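Just below is one structure, and these are the notes that go with it.
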Amino acid sequence: MDSEPAPPLGKPQPVGLAAAPADAGRTEAEFVHEVYDQIAPHFSSTRYKAWPVVDQFLQGQASGSLGADVGCGNGKYMGVNPRLFLLGSDRSWGLLDITNRRGFEAMQADTLTLGYRPNRFDFALSIAVIHHLSTPERRCAAVREMVRILRPGGQLLVFVWALEQKGKRRFDQTQQDFMVPWVIPMNSVHNTLTASTTGETSNAQDAAEDSTAPVTSSTSQVFHRYYHLFREGELEQLVLNSDLASQVTVTEQGYDRDNWYVILTKREAEKSP
Amino acid sequence: MRLLTHNMLQCHVKKCTDPALNFPLQLQDIELEQVETEENEDLLLNLINKVDYNALTTTAAQLGLVGLPNAIPKDPQADPAFMTRLHEVLLETNITQGKMACRGCGHVYTIKDGIPNMLLAEHEI
C-alpha cells in the first residue's frame, strides 16, 4: 500500500473490497438502493447531459419506437428523442418521483425482474446500472431480463463503469469491487432540493464528484455506493460466455466517458432443434 | 402510470406463470387523470402491434372509458377518430392511485402518485 499515490487531502476516495461482498442482495440494498434514495435530489441535479453514444443510439431508433429505460434515474434520456416513447423504471423512489413529475413514465422495479411482458420493446437502455450488481450471475441475469422484453431484432444498449478509466477517478487496477463515495457539499443542499423537481441545474453544485476542491466531513455528507468496475472485454464476455450468446449478437462495442458499452441485438426466433 | 404501461405489465411472481391468469392485472380502487400529450401516428401504429387489444378494451370498459371499437379497424391510419381515441386511452389516461391484482396468485401491486410498485419480496422472485 506504500506505493499508492496519496489521494488529494480530504477528498474521499474509492475503497477497494478485495472481493465481491458475500451477501449480494443485502449489499445492493444498503449500498445501492438506499443510497440513491438518500442522494436522489443532489444526484439528479448532476445528471442532465446526455452522453453522445446514448444520444446517437436514441436518435437512431425508428420514429414511434417503444423503449424501456431500465434504471432511468431522473429520466434524463426519456425525452431526448420526442419521436420515441420510453417506459422508465428504477429502484429509487426519490428518482422516480422526479422522472414522473417531468411527465415521463416511471415504474418502481428491480432490474433483475421487470414485470413487462416478453418481446414487447423495440429497444432498451441500461445506463450505469448493472455495475451496481455484485455477482457475475446477477449482472448476466439483468441482461437476460432486458433481452427477454425486447422484440426480435430489438436493440439493447448497456453502459458500465470501466476499471481502466482515466478521468476524474482512478481505481486500483488489481481489484474490481469498490465502495465509491458520493459527496454532497452542505452549501448545495438547499439549491439541490429546489432544483430537483424542475430539472434545472445550478453550476454551484455541478456534481460533488466533479469537484476538485477538498471537502471535509464537517461541510459535506458522504455516501458510499457499491460498484463492480468492468475490465476491457468483460461486458461482451459476460454475454458471450452465457446462454445469451444464442439469443443476441454484439452489434457494437466501445469505450466512452469512462465507461465500456455494448449494443446487443436480439436474434430473430430460430426453429427449435 | 399510463394505460399503455398497464397493458405491458404481467404478474412476475416466480410461480405465477399461467398466461391466461397473470395478464392483464386487475385494476382496483383506481383514480384517473387525463393529461394531454401530442399525438404520434408512428407510435400509435407501432403500439397497435404491441398491445393486447382485447385486454385494453376490457380494461377501458372497466374504467368507464368508452369509444374504442371491439376490434382494431382494418386500416387504422385511415380512421382518425380511432387513432385519436386510442391515443387518449393508451397515452393520455393516467392512473394516479390504485392497485393491480393478479388473477392467478392474488399478488397486489400498488400504484402511488402515478408510480406503480412492481418490486417483489425475495421469496417471490
Side-chain angles (χ1 to χ4, degrees), chain A residues 23-26 28-29 33 61-68 70 72 75 79 81-123 138 141 145 148-151 154, chain B residues 1-14 16-17 19 22-25 33 35-52 55 77 83 87 90-92 94-96 100 102 107 109-125:
Chain A
D23 187 333
R26 192 189 293 175
E28 291 161 19
H33 310 155
Q61 301 298 319
S63 175
S65 292
L66 178 68
V70 181
C72 65
N81 180 351
R83 300 302 301 165
L84 313 176
F85 195 80
L86 278 79
L87 307 188
S89 61
D90 207 284
R91 282 289 310 217
S92 163
W93 182 270
L95 290 170
L96 289 168
D97 193 43
I98 294 166
T99 301
N100 187 44
R101 283 168 198 268
R102 289 177 170 178
F104 299 129
E105 201 62 358
M107 169 176 101
Q108 190 169 32
D110 193 296
T111 190
L112 294 174
T113 172
L114 291 166
Y116 296 124
R117 294 194 286 131
N119 305 311
R120 294 298 100 186
F121 291 85
D122 299 302
F123 66 93
R138 290 166 76 84
E145 175 64 350
R148 181 186 69 81
I149 66 169
L150 284 180
R151 66 162 167 82
Chain B
M1 181 187 119
R2 291 165 170 88
L3 286 195
L4 170 64
T5 296
H6 171 259
N7 199 279
M8 291 296 140
L9 291 175
Q10 64 187 18
C11 183
H12 60 133
V13 170
K14 192 173 186 183
C16 189
T17 53
N22 68 10
F23 171 86
L25 295 168
E33 181 186 32
V35 180
E36 215 171 292
T37 62
E38 203 178 323
E39 199 173 309
N40 177 341
E41 186 181 70
D42 291 341
L43 176 64
L44 289 170
L45 292 173
N46 186 25
L47 292 180
I48 283 171
N49 297 314
K50 295 184 183 297
V51 297
D52 183 313
Q77 222 171 339
M83 294 289 275
H87 171 73
L90 270 183
L91 296 162
E92 293 191 333
N94 287 258
I95 301 172
T96 53
M100 298 184 284
C102 175
H107 189 95
Y109 302 91
T110 57
I111 304 162
K112 192 180 142 217
D113 299 334
I115 301 171
N117 180 350
M118 297 302 288
L119 295 176
L120 297 172
E122 205 64 43
H123 68 275
E124 296 168 317
I125 299 170

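Chain naming here is simple, since letters A, B, ... match the order of the sequence lines and numbering starts at 1 in each. No experiment lies behind these values; they were computed from the predicted model shown.
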Answer yes or no: is there a side-chain heavy-atom contact under 4.5 Å between A:Asp110 and B:Ile125? no
Between A:Phe104 and B:Arg2 the two heavy atoms that sit nearest each other are C-NH1, 4.2 Å
Check each atom of B:Ile115 against the heavy atoms of chain A and say whether the ones under 4.5 Å are side chain, backbone, both or neither. both
Any chance the side chains of A:Asp122 and B:Asn46 put a donor and an acceptor closer than 3.5 Å? yes
Check whether any side-chain heavy atom of A:Met107 sits under 4.5 Å from a side-chain heavy atom of B:Tyr109, and report yes or no. no
Side-chain contact, heavy-atom cut-off 4.5 Å: B:Met8 with A:Leu66? yes
Top contributor to chain B interface from A:Leu114, A:Thr99, A:Asn119 [non-hydrogen pairs under 4.5 Å]: A:Leu114
Intermediate values then yes/no, side-chain contact (heavy atoms from CB on, under 4.5 Å), A:Arg91 and B:Leu119: CA-CA 8 Å; A:Arg91 282 289 310 217; B:Leu119 295 176; 3.8 Å; yes
At a 4.5 Å cut-off on heavy atoms, which part of B:Asp52 comes close to chain A: side chain, backbone, both, or neither? both
Of all of B:Leu9, B:Thr37, B:Leu45, which one pairs up most often with chain A through heavy atoms under 4.5 Å apart? B:Leu9
Decide yes or no for B:Lys50 and A:Arg117: does some side-chain heavy atom of the first lie under 4.5 Å from some side-chain heavy atom of the second? no
Looking only at heavy atoms, the pair that brings B:Asp42 and A:Ser63 closest together is OD2-OG, 2.5 Å
Would you mind checking which part of B:Leu47 comes under 4.5 Å of any heavy atom in chain A, side chain (CB onward), backbone (N, CA, C, O), both or neither? side chain
Applying a strict 4.5 Å limit to non-hydrogen atoms, the region of A:Arg83 in contact with chain B is both
Under a 4.5 Å heavy-atom cut-off, does chain A meet the side chain of B:Leu91, its backbone, both or neither? side chain
Is it the side chain or the backbone of B:Val51 that comes within 4.5 Å of chain A heavy atoms, both, or neither? backbone
Applying a strict 4.5 Å limit to non-hydrogen atoms, the region of B:Lys112 in contact with chain A is both
Measure B:Ile111 against the heavy atoms of chain A and call it side chain, backbone, both or neither at under 4.5 Å. neither
Please classify the contact between A:Leu87 and chain B as side chain, backbone, both or neither, with a heavy-atom cut-off of under 4.5 Å. side chain
Atom CG in B:Leu4, atom CZ in A:Arg120: separation rounded to 0.5 Å? 11.0 Å
Using a cut-off of under 4.5 Å on heavy-atom pairs, state which of A:Ala106, A:Gly115, A:Pro118 scores highest against chain B. A:Gly115
Do A:Asn100 and B:Met1 have side chains that get closer than 4.5 Å, going by heavy atoms? no
